[in-house]
Participant: 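Sharing a structure with you now.
Note that the structure is a prediction, hence the values are computed from the model and not measured. By convention here, the first residue in the shown sequence is residue 1.
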Amino acid sequence: MKANLLYEGKAKQVYTVTDDPNLLVLSYKNDATAFNGEKKANFSGKGRYNNLIAAKVFEYLHVHGIPSHFKETLNETEQLVERTTIIPIEVVVRNVAAGSITRRLGITEKTPFQPPLIEFFYKEDALGDPIINDAHALFLTDATEADLAEIKAIAGKVNEQLQAFFKQVNLQLVDFKLEFGRNSTGKIVLADEISPDTCRLWDVETGEKMDKDVFREDLGDLVHVYDQILRRLEAVK
Ligand code: C5P
């Protein structure tokens, strides 16, 4: 089924699929990077957790009417997805201040945002993924104003659904990053991954950070934390 390696990113490999140009295999790696690749490590088992957690997230979004590129889980570390052309904008939704916005704007961690903030970053490693506004996005990508409005509307819906999804397992969805792609019919769908690598999740009771910040901030055992998230999600009926 897996044909050729098409692309290798920091956390995943992307393969073409024999006989179907509209499908790809995403293979989740054990590598973790932070601060635009400056900090690197390898965690045995991480790829499996992100693969299985992302599948649960995409399945939940599908049931709640939000389309994505996800098709099916192939094995412990791989999933089958629809091939899309990625729009090079990283869309970050923030419910609570954490991470880069605390440094960029001097906002104290844990400050709530109501309504949630939506930010665009230009997906370009060589530039360190700089924050951009709509005018920049229109100039830098082939997205139209209508596309940007659609992307923001989908991001808002994903936020509502995922807040409820994670609340079931006692996790607060602090913020997350989405990527969007166009499929073969031109439709804009959610792409890439949604996992504890791309979301901030805090335990509702203890406030414990249960996401990649454990690695970014050297807070403990990343694999143990990802295991806890998968166990909690698996326990949901
Ligand atoms: O670093 P920052 O605070 O802007 O990250 C906001 C959210 O987006 C976090 O959940 C982080 O994990 C995610 N993110 C990501 N990939 C990036 C940048 C941020 O998944 N390249």
Participant: Taking the side chain as every heavy atom from C-beta outward, state whether V25 and Q79 have any pair of such atoms under 4.5 Å apart.
Facilitator: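 No, their side chains stay 4.5 Å or more apart.
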Participant: Checking side-chain polar atoms at under 3.5 Å, does N95 have a donor or acceptor matched by the opposite partner on D175?
Facilitator: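 Their side chains do not contain a donor-acceptor pair, so the 3.5 Å distance test is not met.
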Participant: Please find out if less than 6.0 Å separates the ring center of F43 from that of Y226.
Facilitator: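 Centroid separation for F43 and Y226: 6.0 Å or greater.
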Participant: Report yes or no: is the cationic atom of K46 (NZ for Lys, CZ for Arg) closer than 6.0 Å to the six-membered ring centre of Y28, at no more than 45° off its axis?
Facilitator: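 Geometry flag: not set, cation outside 6.0 Å or 45°.
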Participant: Tell me yes or no: between the side chains of T33 and R216, is some donor less than 3.5 Å from an acceptor?
Facilitator: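 No - no donor-acceptor pair under 3.5 Å links their side chains.
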Participant: For a 4.5 angstrom cut-off between non-hydrogen side-chain atoms, does T16 reach K2?
Facilitator: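 SC-SC contact between T16 and K2 ruled out.
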Participant: Rounded to the nearest 0.5 Å, what's the gap from CD1 on I87 to CD1 on I188? Could you check?
Facilitator: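 If we round to the nearest 0.5 Å, I87:CD1 and I188:CD1 are 4.0 Å apart.
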Participant: Between D197 and N50, do the side chains contain a donor N or O and an acceptor N or O under 3.5 Å apart?
Facilitator: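 Indeed, the side chains of N50 and D197 share at least one donor-acceptor pair under 3.5 Å.
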Participant: Anything under 30° is parallel, anything over 60° is perpendicular, the rest tilted; go ahead and classify F58 against F70.
Facilitator: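 Judged by the thresholds at 30° and 60°, the geometry between F58 and F70 is parallel.
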Participant: Report the residues that fulfil side chain to side chain donor-acceptor pair (under 3.5 Å) with K40, sequence neighbours left out, ordered by chain and then residue number.
Facilitator: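 For K40, no residue satisfies side chain to side chain donor-acceptor pair (under 3.5 Å) once neighbours in sequence are set aside.
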Participant: Please determine whether a side-chain nitrogen of the Lys or Arg among E82 and K187 lies less than 4.0 Å from a carboxylate oxygen of the Asp or Glu.
Facilitator: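 Result for this pair is no, no salt bridge flagged.
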Participant: Please tell me if the side chains of E145 and L138 come closer than 4.5 Å, counting only heavy atoms from C-beta onward.
Facilitator: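 E145 reaches L138 side chain to side chain.
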Participant: With a 4.5 Å heavy-atom cut-off, do V174 and L201 have their side chains touching?
Facilitator: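 V174 does not reach L201 side chain to side chain.
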